[in-house]
Amino acid sequence: MSPVCFAPDSGGGGGASTPAPWGETKVVGARLPRVDAYERVSGSAVYTLDLQLPGMLHAAIVRCPHAHARVKRIDTAKAETMPGVRGVLTGESPGAAIPWYQGREGPLSLLFDPHCRHEGEEVAAVAADTALQAHDAARAVVVEYEELPFVVDPDKALAPDAPKVHDWGNLLGQPRVTTRGDVAAGFAAADAVVEMTFRTPVQMHTPMEVHVSVAQWDGDRLTVWDSTQGVYAIREALAGALKLPLASVRVVGHYMGGGFGSKLELGKYTVIAALLARRLGRPVKAALTREETFLVAGNRPSNVITLKAGAKRDGALTALEARLSGPVGAYPTSAVSAYQIGDLYTCPNVKFETTNILIHAGKARPFRAPGFPSCNWALEQVVDTLAEKLGLDPVELRLKNIPTVSQLNDNAPYTSTGLARCLTEGAVAFGWTEARRRPKTAGHLRRGVGVAAGMWGYGGDPNATAIVTLYADGSVNLNTGASDLGTGTKTVLAMVVAEELGVAPDRIQVEHADTATTKFAPSSGGSQTVLVNSPAVRAAAIEVKRQVLEIAARQLDKPVGDLAVADGAVVVAGAGGKRVPFSELKGLGERRMLVGVGMRHPHPEGKLALPFAAQFAEVEVDTRSGAVRVLRVLAAQDSGRVMNRLTFNNQVFGGVVQGLGFALTEERVLDRATGKMVNANWHDYKVPTMLDSPAEAECLPIDPHDTECNTVGAKGLGEPAHIPAATAIANAIHDAVGVRPLEAPVTPARLVALLAAQERKG
Amino acid sequence: MLPSFAYVRPTTLKAAVAALAAPGTRAHAGGTDLLGCLRDRVFPADTLVSLAGLPELVGVTPTAEGGLRLGAMTTVATVAGHPDIAARYRALAEAAAAVASPQLRNQGTLGGNLCQRPRCWYFRGDFHCARKGGGKCFAVDGENRYHCVFGGETCFIVHPSDTAPALVALDALVRLAGAGGSRVVPLEKFFVPPSADFTRETVLEPGEVLTEVVVPAPPAGARSTYRKVRARGAWDFALAGAAVSLGIEGGRVKHARVVLSGAAPIPWRVPAAEQALIGHRLDGATIARAADAAVAGAEPLADNAYKVPLLRCAVEEALTALNS
């Protein structure tokens with residue numbers, strides 16, 4: 001008999017056998033520490049950056065120091081003779097003329113493009129025995145540049161005489177207008193109208209682990225270890241760049257030190273490592289320095305958002321009209337999202353225009369809910385202002401406009417929405433009404449409270465495959481292609497197996513994120529990891545359980561319906577029922593393993609499964625120094641089922657602190673005279689510290705018991721935990737001191753200026 | 001990436017001074033600033049001369065005159081946590097505690113904190129600026145939100161140290177050892193403004209080492225404090241700050257030092273603010289006058305006008321704290 005026995009029809013994809021929703025769960029939802037917590041905190045976990053292969057060389061990349069320049073000449077002679085140097089790669093090297101960044105009419109650039117369109121663009125690379133030698137040699141490569149005029153200010157990039165990033169200009173496509181209803185009529189019908197213009201900063205991802213790849217060849221087959229959010233996406237892009245069959249490329253991404261969206265796409269350093277490794281016949285590691293990551297590994301674009309909103313006396317929105325623009329950097333991507341303007345609230349008349357601008361700066365990459373926090377900064381401050389004008393409680397006004405359908409998607413209903421509950425139950429848990437009633441202090445330390453709601457607009461990819469294998473001793477292998485960015489994916493997926501198969505989580509080994517040994521999973525991004533992979537894992541575990549029960553039924557001569565699994569054993573129903581540990585199942589002993597393959601079940605037809613949130617913040621503003629202290633935050637999150645309360649809280653608190661950075665401290669600064677980034681390091685680019693984090697942070701899960709979204713009832717969390725965080729702080733600042741912080745981050749400099757202007761106005 | 005360099009660790013001050021007389025050498029104390037400068041190619045070094053083999057440079061001891069001697073290699077954390085300093089030189093203890101982060105305070109030294117190089121992002125970054133011999137200040141018309149509002153000329157850095165303004169306010173002296181013996185300099189005269197020489201921050205000559213800081217006995221009725229305003233709670237230099245040291249007798253201010261941080265290329269002492277205090281009771285009106293005087297004549301750049309109210313606030317809050 002074959003050791004592998006599975007029947008996709010009975011456990012895998014296809015709606016026919018969709019398992020019933022979980023009732024009360026034993027493992028799922030518990031506060032289970034990460035399955036790899038010890039490895040991560042003890043230092044024994046081998047991240048890509050830690051990887052050492054025998055004979056491995058180190059690459060360093062020569063980068064353009066100018067915002068815009070043309071390479072006239074590269075002289076590598078000196079670098080090639082330096083100690084430890086094994087090879088130098090330029091655009092002239094065989095196989096290095098690789099197109100990069102697709103435009104509408106073909107590639108826009110090259111791996112080493114002599115036309116450098118932003119500071120940090122790749123010009124050449126060196127491989128040496130040590131990283132220090134490689135960097136010394138990279139500095140010894142002599143490059144002659146013709147400096148060209150540049151534009152890094154998006155406000156100036158569309159001027160007719162602005163230097164062009166590409167021949168066709170600095171406007172990426174045409175401004176896109178989306179309309180619903182009649183905004184003019186909507187404003188005419190409004191009792192209050194508000195219009196404001198907001199500015200948000202360029203925020204940097206700054207994951208703990210820098211961007212890094214190690215490449216090794218075996219004949220024509222390439223293995224790459226990569227600090228990536230998705231091994232399958234990287235494999236496709238890498239195979240495409242090197243013109244290799246998918247089957248010849250293996251991408252591995254085990255321990256991973258964060259990405260926030262910056263590690264979804266193939267980096268040039270990965271291809272550079274592969275080219276050098278092939279040429280030199282040795283493995284090559286290419287690790288960016290922290291400074292390099294600031295220049296070339298993506299960012300959240302700044303936004304300028306003008307938003308006009310109208311509402312009736314009772315708070316019902318009548319119209320929303322917005323213009324959003326932002327710089328994508330030097331190559332195409334998207335800089336803005338008006339999604340929440342179109343869909344967070346019920347509003348019959350909506351119009352928004354989005355504009356993407358090219359500038360001579362590093363290309364943006366998706367960053368924790370691309371476009372959403374910036375849009376939220378505008379929308380939720382405008383909604384707050386409307387409430388103030390109408391004399392309504394901000395929570396009350398929001399509750400007046402809760403949709404149950406997606407207006408942007410032909411009014412398709414949501415499988416569930418806990419938005420109203422997030423607002424009402426969050427307000428109660430926060431003590432919102434009491435806090436608002438508290439008299440404002442007259443001194444220089446002023447307290448205020450704010451709320452912001454938010455939603456995320458992506459429900460996940462349709463496909464993922466997982467394999468669960470039960471071995472003869474009762475231990476289990478869970479095989480999933482999913483990457484664990486440090487968020488606890490491995491732990492949550494193991495808990496799904498434990499729940500379904502009745503084995504302890506510590507009996508489950510997770511094998512993941514390796515294109516050679518696991519099956520397809522989409523990249524861990526878009527808040528989809530749990531909701532896409534858990535159903536596949538559950539299906540695989542159910543299939544193994546089916547086989548276990550079948551074997552046990554034969555052995556015990558009982559109907560399957562009388563049997564269940566618990567604590568690593570088959571249990572016969574009834575008081576004092578017999579208990580047979582998996583290791584004593586004869587059929588399993590013969591086969592040595594039982595294998596179940598599970599696939600994700602299709603999305604519910606005609607419906608959307610999306611997460612919602614409302615966050616509340618209390619701040620103390622020092623009106624003399626402009627310092628803002630976030631005293632406490634309560635995050636009410638409808639992300640469906642809580643899979644693990646510990647990792648759930650971690651995601652939420654991380655999202656809140658990253659939002660706090662957006663609101664108060666983080667901002668890329670480009671020098672206006674040279675176009676170069678002046679704060680490309682972890683000191684000058686100010687990520688909040690523990691002392692800046694809220695002293696009190698509470699997480700309130702709102703679970704609408706969604707039985708339609710997927711077979712585990714979980715919705716996305718990583719992004720909705722972050723989206724409203726900054727705006728809740730902004731609204732609390734306004735409540736405290738009465739000024740509207742239109743521009744983020746609200747630094748002491750900006751707040752002192754706002755307060756001075758307020759005083760002048762009296 | 002850190003460039004390669006030679007490393008020596010002399011065990012006598014004489015040997016250290018001799019080693020430092022050679023060109024291309026740099027003194028290595030805690031290294032928290034030096035190694036960053038080397039990694040960022042702010043300046044080169046062929047040889048680092050470690051001061052870690054000189055135990056006589058570590059420690060806090062009373063002087064015969066009733067003051068304290070602080071060895072230059074004493075860590076910032078030790079200064080922050082020393083009971084005598086907290087009791088008698090509160091501004092220094094508070095300033096030391098406000099430096100950087102716990103890790104950096106454990107590794108960084110008091111001498112290093114006084115001798116650290118400017119944090120101007122053009123000086124630290126890939127810009128050939130005036131202070132690095134490039135003949136041009138990028139900040140004066142550039143991104144200057146963190147730059148000076150007093151004392152800028154050719155170069156517009158702010159002095160990064162928190163302990164320096166506190167020590168100037170406490171009338172500290174520093175001992176500098178060189179090949180020909182040692183000299184003692186008031187800390188206030190240790191720092192070089194750009195108007196005198198924009199390529200150096202201190203009077204240290206090549207081959208000279210700062211070996212100790214001496215704070216004299218506090219004046220009668222002494223009280224002092226340091227107030228720092230910053231962009232985030234840790235690991236951040238002052239946006240604005242004030243070290244204030246007063247001697248109050250019979251309810252009136254007899255002795256006053258007001259020194260601003262985050263304001264100027266050197267710790268910025270403001271005699272006008274001190275004059276506004278001396279002879280007066282430390283009441284609200286006096287405090288307001290002194291705070292106004294502290295920022296009179298500020299010359300903000302395009303992006304740093306916010307510093308003026310912040311500095312005023314720092315002085316006001318420091319004085320108010322001393323009044324309670």
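Chain naming here is simple, since letters A, B, ... match the order of the sequence lines and numbering starts at 1 in each.
The nearest pair of heavy atoms linking B/Gly233 to A/Leu691 is O-CD1, 3.2 Å. A/Val687 and B/Arg232 make their closest contact through O-NH1, 2.6 Å (heavy atoms, listed as atom of the first residue, atom of the second, distance). Across all non-hydrogen atoms, the minimal contact from A/Val752 to B/Pro309 is CG1-CG, 3.5 Å. Across all non-hydrogen atoms, the minimal contact from B/Leu239 to A/Pro748 is CD1-CG, 3.8 Å. Heavy atoms only, all atoms of each residue included: B/Pro3 and A/Asp136 are closest at CA-OD1, 4.4 Å. Nearest heavy atom pair, residue A/Pro65 against residue B/Asp126, reads CB-OD2, 3.8 Å.
Between the side chains of B/Tyr122 and A/Asp671, a donor-acceptor pair is found at a separation under 3.5 Å.
Of residues 289-301 of chain B, not one residue has a non-hydrogen atom less than 4.5 Å from any non-hydrogen atom of chain A.
In this structure, chain A has no heavy atom under 4.5 Å from any part of B/Arg124. Contact annotation for B/Phe237: both backbone and side-chain heavy atoms come within less than 4.5 Å of a heavy atom of chain A. Contacts of A/His683 with chain B are made by both backbone and side-chain atoms, with heavy-atom separations under 4.5 Å. Residue contact with chain B, scored on non-hydrogen atoms closer than 4.5 Å, involves the backbone of A/Leu670 exclusively. Contacts between A/Ala749 and chain B at a heavy-atom distance below 4.5 Å involve backbone atoms as well as side-chain atoms. For a residue to count as touching a neighbouring chain, one of its non-hydrogen atoms must lie under 4.5 Å from one of that chain's; by this rule A/Asp622 touches chain B with the side chain only. Contact annotation for A/Thr674: only side-chain heavy atoms (C-beta onward) come within less than 4.5 Å of a heavy atom of chain B. Using a 4.5 Å cut-off between heavy atoms, A/Ser625 contacts chain B through both its backbone and its side chain.
When each of B/Arg119, B/Arg312, B/Arg230 is scored by its heavy-atom pairs under 4.5 Å with chain A, the top score falls to B/Arg119.
Within 6.0 Å of the NZ atom in A/Lys156, the count of heavy atoms belonging to other residues, nucleotides or ligands does not exceed 12. The number of heavy-atom neighbours closer than 6.0 Å to CG of B/Asn106, taken from other residues, nucleotides and ligands shown, is above 12. Atom CZ of A/Arg139 has 12 or fewer neighbouring heavy atoms from other residues, nucleotides or ligands inside a 6.0 Å radius. Few gaps surround CZ on A/Arg63; more than 12 heavy atoms of other groups in view lie less than 6.0 Å from it.
A salt bridge links A/Arg672 with B/Asp303: at least one charged nitrogen is closer than 4.0 Å to a carboxylate oxygen.
Interatomic distance, CD of A/Gln133 versus OG of B/Ser4, reported as 9.5 Å (0.5 Å rounding). In this structure, CH2 on B/Trp121 lies 14.5 Å from NZ on A/Lys676, to the nearest 0.5 angstrom.
Looking at B/Phe127 and A/Val678, their side chains come closer than 4.5 Å, going by heavy atoms from C-beta outward. Looking only at side-chain heavy atoms (C-beta outward), A/Val669 and B/Arg145 come within less than 4.5 Å of each other.
Listed by first then second residue, pairs satisfying side-chain hydrogen bond (donor to acceptor under 3.5 Å, both in side chains) with a partner in residues 34-43 of chain B read A/Glu291-B/Arg39, not counting sequence neighbours.
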